[in-house]
Amino acid sequence: MSEVFHDAAGGLPRANAQGRVPGLVPDRRSYFSFASFNDPDSNGWILQEVTTRFPGRLW
């Protein structure tokens, strides 16, 4: 499991680690802090922190 990170440009993370900054997004916006890991089959996964859902989202 990686450390928590956010994208330097303030967007969604890229497939590679370029542009990743360690730690939570400074303004703690929902959807913009991440962590990643690889499962036993070597599939890459990115977890996204959601603290407040965008309007209209049910799940």
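Each residue takes its place number in the sequence, starting with 1. Only a predicted model underlies this, so the values are computations on that prediction, with no experimental measurement involved.
- Partners of D27 under the side chain to side chain donor-acceptor pair (under 3.5 Å) rule, at least two apart in sequence or in another chain, are R29.
- Looking at residues two or more places apart in sequence or on another chain, you find a side-chain contact (heavy atoms from CB on, under 4.5 Å) between L24 and V4, R28, S33, E49.
- Looking at every heavy atom in both residues, T52 comes nearest to Y31 through O-CE1, 3.4 Å.
- S36 and R20 make their closest contact through OG-NH1, 3.8 Å (heavy atoms, listed as atom of the first residue, atom of the second, distance).
- Remark: S42 pairs with no residue by the side-chain contact (heavy atoms from CB on, under 4.5 Å) rule, at least two apart or across chains.
- A9 pairs by the side-chain contact (heavy atoms from CB on, under 4.5 Å) definition with D7, R14, not counting sequence neighbours.
- With hydrogens and angles disregarded, a donor-acceptor distance shorter than 3.5 Å links the side chain of D39 to the backbone of D41.
- Side-chain heavy atoms closer than 4.5 Å link hydrophobic residues (I, L, V, M, F, W, Y) into clusters, and following such links, even through other members, never connects V25 to V21.
- Applying the ring pair (Phe, Tyr, Trp, His ring centres under 6.0 Å) criterion to F34, with sequence neighbours excluded, gives F5.
- The minimum heavy-atom distance linking H6 with P22 is given by the pair CE1-O, 3.8 Å.
- Among pairs with a residue in residues 10-30, none fulfils ring pair (Phe, Tyr, Trp, His ring centres under 6.0 Å), at least two apart in sequence or across chains.
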